[in-house]
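When a residue number appears, it is its place in the shown sequence, counting from 1. Note that this is a predicted model, so its numbers are computed, not measured. The figures that follow rest on heavy atoms only: side chains count, while hydrogens, waters and symmetry mates do not.
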Amino acid sequence: MTANIHSSADARAIARRRLPWMVFDYIDGAAGQETGAHRNRAAFDTLAFRPRILRDVSARSLGVPLFGAQTNAPFGISPMGMCNLSGPGADLMLARLAAREKVPLGVSTVASTAMEPLIEAADGHAWFQLYFSGDGTGTFKLVERAKAAGYETIILTVDVPEVGRRPRELRHGFTMPFKIGPRQFIDFALHPRWSLTALFKGRPQMANFAMPGYKFDRTESRAKANWDTLTRLRDMWPGKLVVKGVLDAEDAVALRDAGVDAIQVSSHGARQLEGAPAPIAVLPEIRAAVGPDMPLFFDTGLRGGEDVVKAYAQGANFTFLGRILQFAIAGGGEDGLHRLWDVLRSETSITLAQIGLTSLTDDGLTDALRR
């Protein structure tokens, strides 16, 4: 089946056949009527390259600098909750890939594998993604735990003061912790391949909450987080601090001035606010506001190598891939994941050649798009 993965769309199509409807719609869904997700795609499609000719582009590199190190690929792995729903051991598959490619693995607060084995499997190439919830008591316990586990970078996700309503997953009764009722049982029975391989491995859990004094409710309000929360986190965290979920230039400047180490431009895959602007469209505005030296990361809507190059051309220093990697795992396990990763690398490299560049750090990248 992995031989049939020639694009992220192929991986999604295979995953749609294999996964229970509830699981597929949880991974694939977006907020509201999903116009935000469509707008994200349309924004990428409106960007056109300037193809350039007769330039020696025979020696191309996809590695980029990131926090003083060099990656093997220009994209990392976004933090994603409950990845093991896409296939048993998915979290560890992603961790091993991060180690191989020397790229960050975003370890979600609601990962289905605990943070400690993931940073070990990723050979240190793991960043812990943090949600503030409730009064913050449990949140800061997780920070201390991440520090003890050897994490050097935290990603504070700030664009979920309240969990967005995603009708597709709500119709299926999807909840975390994972619950199985009559509706889910029928869904699983109609997808026996997934059920036999996934459920027999044990019901996926939010593994980071197996710690004293912390219960996590996915629907609990996160609305108490404010700039004082950020200050407290900055004061207690000695490593790199990334703030994810930024779509406003004024907020980006305030974050820069507050001493964060990088800003991640993201709409959470259009999963939280249907009417949010397309991140790829606001990226140049944020870059102009924070200046050339502030590290800007980007996720949301990346479906192929051309999208990756467009993000760099719009001002990103690094990009992150999300749900398409889960689709690859659902479609072909670890082999499927590696297959799609290689496809994305190839697409990115070919795009660079077509626009007359040899790397994503080339000065000519700023002129790669038709303005």
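A salt bridge links Asp261 to Arg234: at least one charged side-chain nitrogen sits closer than 4.0 Å to a carboxylate oxygen. Between Asp187 and Arg183, no side-chain nitrogen of the basic residue sits less than 4.0 Å from a carboxylate oxygen of the acidic one, so the salt-bridge criterion is not met. With salt bridges taken as basic N to acidic carboxylate O contacts below 4.0 Å, one links Glu334 and Arg96. By the 4.0 Å N-to-carboxylate-O rule, Arg166 lies close enough to Glu169 to be salt-bridged with it. Between Glu274 and Arg39 there is no salt bridge, since no side-chain N of the basic residue sits under 4.0 Å from a carboxylate O of the acidic one.
There is no side-chain donor-acceptor pair under 3.5 Å between Arg303 and Ser8. Checked by atom type, the side-chain pair Asp362/Ser359 shows no donor-acceptor distance below 3.5 Å. In summary, the side chains of Arg17 and His191 do not present any donor paired with an acceptor at a separation below 3.5 Å, with no hydrogens or angles considered. Checking Asp91 against Ser112 by side-chain atom types alone, a donor-acceptor pair falls below 3.5 Å.
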Step by step, would you call Tyr131 with Phe140 a ring-ring contact (aromatic ring centres under 6.0 Å, His included)?
CA-CA 10 Å; Tyr131 282 123; Phe140 291 109; over 10 Å; no
Could you go through Ile27 and Ser86, starting from their C-alpha distance and side-chain angles, then the distance that decides it, and tell me whether this counts as side chain to side chain contact (heavy atoms under 4.5 Å, CB included)?
CA-CA 8 Å; Ile27 297 171; Ser86 61; 4.2 Å; yes
Can Glu144 and Lys147 be said to form a salt bridge (charged side-chain N to carboxylate O under 4.0 Å, His left out), step by step?
CA-CA 5 Å; Glu144 295 295 346; Lys147 188 187 303 182; 3.7 Å; yes
Taking it one step at a time, do Trp237 and Leu156 satisfy side chain to side chain contact (heavy atoms under 4.5 Å, CB included)?
CA-CA 11 Å; Trp237 182 252; Leu156 176 65; over 6 Å; no
Could you go step by step and tell me if Arg41 and Asp45 meet the salt bridge (charged side-chain N to carboxylate O under 4.0 Å, His left out) rule?
CA-CA 6 Å; Arg41 184 65 256 162; Asp45 292 340; 3.1 Å; yes
Criterion ring-ring contact (aromatic ring centres under 6.0 Å, His included) on Trp127 and Tyr151, from CA distance to verdict:
CA-CA 6 Å; Trp127 298 358; Tyr151 284 81; over 10 Å; no
Just do the side chain to side chain contact (heavy atoms under 4.5 Å, CB included) check on Leu233 and Leu241 with the steps written out, would you?
CA-CA 9 Å; Leu233 180 59; Leu241 177 57; 3.7 Å; yes
Run the numbers on Leu105 and His125 for side chain to side chain contact (heavy atoms under 4.5 Å, CB included), then give the verdict.
CA-CA 6 Å; Leu105 166 73; His125 296 282; 6.0 Å; no
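Taking CG of Leu365 as the start and CG of Asp367 as the end, the distance is 9.0 Å to the nearest 0.5 Å. To the nearest 0.5 angstrom, Met82 atom CE is 10.0 Å from Ser108 atom OG. Between Phe298 atom CZ and Asp307 atom CG the span is 8.5 Å, to the nearest 0.5 Å. Once rounded to the nearest 0.5 Å, the distance linking OG1 of Thr157 with NE2 of His268 reads 6.5 Å. Note that CD of Glu306 and CG of Leu352 are 10.5 Å apart. Values are rounded to the nearest 0.5 Å. If you take CG on Asn226 and OG1 on Thr231, they are separated by 8.5 Å, rounding to the nearest 0.5 Å.
When atom types are taken as modelled, the side chain of Gln272 and the backbone of Gly164 share a donor-acceptor pair closer than 3.5 angstrom.
For Phe24 and Phe174, the gap between ring centers reaches or exceeds 6.0 Å.
Contact record, Met93 with Gly333: SD-C, 3.9 Å, taken as the closest heavy-atom pair. Closest of all the heavy-atom pairs between Ala289 and Val253 is O-CG2, 3.6 Å.
There is no path of hydrophobic side-chain contacts, each under 4.5 Å, that joins Leu190 to Met22.
By the 6.0 Å contact criterion, CD on Glu152 is open, its count of non-hydrogen atoms from other residues, nucleotides or ligands being 12 or less. Surrounding CD of Gln70 are more than 12 heavy atoms belonging to other residues, nucleotides or ligands, all under 6.0 Å away. Within a 6.0 Å radius of CZ in Arg371, other residues, nucleotides and ligands contribute more than 12 heavy atoms.
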Would you be so kind as to tabulate the donor-acceptor pairs closer than 3.5 Å made by side chains of residues 317-327, with sequence neighbours excluded?
| unit_1 | atom_1 | unit_2 | atom_2 | d |
| --- | --- | --- | --- | --- |
| Asn317 | OD1 | Arg287 | NH2 | 2.7 |
| Asn317 | OD1 | Leu296 | N | 2.7 |
| Thr319 | OG1 | Pro74 | O | 2.9 |
| Arg323 | NH1 | Asp28 | O | 2.7 |
| Arg323 | NH1 | Gly29 | O | 3.4 |
| Arg323 | NH2 | Gly269 | O | 2.9 |

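Identified under the salt bridge (charged side-chain N to carboxylate O under 4.0 Å, His left out) test for residues 235-258, with sequence neighbours left out: Lys244-Asp299.
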